[in-house]
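Below is one structure, written out as structure tokens, with a few remarks after it.
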Amino acid sequence: MQVAEYSRFSGLVHEKYLGKRAPVEVSIEVTHRCPLECLHCYNNLPMSDVEARSSEMTLEEHCRLLDQLRDAGCLWVLYTGGEIFARKDFPDIYKAAKQRGFLITLFTNGTLITPAIADMLAEWRPFAIEITLYGATQETYEALTQIPGSFERCMRGIRLLLGRNLPLKLKTVPTSVNRHEVYEMKRMAEEDFGVEFKFDPLVNPRIDCSASPLGVRLSPEEVVALDYHDPKRREEYSRLAAHDLAEREAPERDSDHVYFCGGGISACAVDPTGKMSICVISHQDTYEWRNGSFQDGWDNFLWKTRTKKRTRQTRCDRCRIQSLCSMCPANGELEMGDAESPVDFLCQVAHMRAYALGLEVPEHGDCPMCPGGTGYAETMQSAERIENHQIDVGSWLPGTVNSPLLPVLQSKEGCGTSACGSCSSHHG
Amino acid sequence: MTAVGRERYLRSSKVVSREIADETLVVPIRGGAGDLNSIFSFNPIGSDLWNLLEKEVSVEEMTSWVTDHYDVSEEQALEDIREFMGELVGAGLVTTVTQQVASTGEFESVHASRGI
């Protein structure tokens, strides 16, 4: 009998699947409803949204889906939302998954965790739980969540889980509202709670096409300044860039396919209504699981989606700093309405990361962030300020909403272009 | 009447096994099933024994099965299986089921208990 270290075990499983196609990791959104109203969220809906609630998969459907996932060889299941505990029957869904032997990660905001839920999780221990913090203080946290009392409820949830020695990690999404507290959240997580902490400043438009989250998105300069305030993070980007640039050519993409990630190869997502897709933020191509089966969706529909051919070359193809960039087709879909369109924001962040490390980016086509491009001067100036420590993250003051996009959030109309088909299936 | 214990083994109801990439993985799913942070895997013979443990089985029966299917002496198989069962019980992956058997050999009662 072998008892393997988890990282070794995970590596072994992935190695065994190397070169094969199997849905080893599946993300399941149980609901888009959430008791918080975070300004940056890409998919949340009100708790009172009757239409959303009535369209969610039932407990029985979840059990049937889990049986099919098990038969298809899935091992890791991520339950996410919305807020997973917004569904009263989530503990039943979760236990059904545990009974089928999945290794389960839970994403939650922690505000609905009660002693009874914490006790249930202690009995049916998850593989991991990740709680998103929105601020280190009540004022900042609730400025982003817009719900009074939510900070204390989150802290209570954290304490309940830690009191039962559950495998908790904390994280945040830096925004213009909480940017000044990111490193205080890190300190709080590591020193006060003794848990790991990470942050990801990537804020997307909503899946219903509303651009409202962009109103609180950090500027590229703020993103990179936050990254490089942490020497370890800076070192990691430096290592990644050195690896990329040591290659003679840009890393070869997955032939001529639009998608180049693990979506559709080793992973996929299922939304609250049973729509299967490449990942949780990709909604241009979805398969109605309710009208078929997971295996059919995986074998046929998602394979077809995953092998969709690119229609054109872009500046991303020959870019040598792809590991510094968060660009992916799903981001293109959400921000540009087109999976193949580069997102200027992400392009600028990646180039600034490179320039702030003193690196040159080899020519890779018509790129606005490279020498001669329209955004080059601005990107370079920001990079120099960051490199010369002229931006003091520690002195940032409480931020504000950056643009007047927020009313779009209330309009419930999306972009109206119908480019991705999301507007008709989601409301916000 | 003298009773003699004859232990039989059975998978714990608090673990689930999965076949992933041609490998048997055993995942503890709830409290009382040993280390909930661990995932267990077996070599091919271990996987065969795990399959036998789906129903109550004795060390002698497992030994017989192994010597029928693998080129190994009965003595060696018995020793290895006893050691393996010790590990499985210690990890909480199997439960022991002790048959209280009368000296006449007549079956009297069976009760199950958790491994540790």
Q. For atom NZ of A:K169, is the number of surrounding heavy atoms from other residues, nucleotides or ligands below 6.0 Å larger than 12?
A. no
Q) Which of the residues A:R125, A:K20, A:Q99, A:K95 is involved in the greatest number of heavy-atom pairs with chain B at under 4.5 angstrom? A) A:R125
Q.
Other residues, nucleotides and ligands only: do more than 12 of their heavy atoms fall within 6.0 Å of CD on B:E19?
A. yes
**Q.** Side-chain (A:R100) to main-chain (B:V16) donor-acceptor, under 3.5 angstrom
**A.** no
Q. Given that the side chain runs from C-beta out, which part of A:A122 has a heavy atom under 4.5 Å from chain B: side chain, backbone, both or neither?
A. backbone
Q | From CD1 (B:I39) to CZ (A:F127), nearest 0.5 Å | A | 6.0 Å
Q.
I need the residue from A:A22, A:G73, A:G101, A:C74 with the largest number of non-hydrogen atom pairs under 4.5 Å to chain B.
A. A:G101
Q.
So for atom CD, which belongs to A:E196, do other residues, nucleotides or ligands contribute more than 12 heavy atoms lying within a distance under 6.0 Å?
A. no
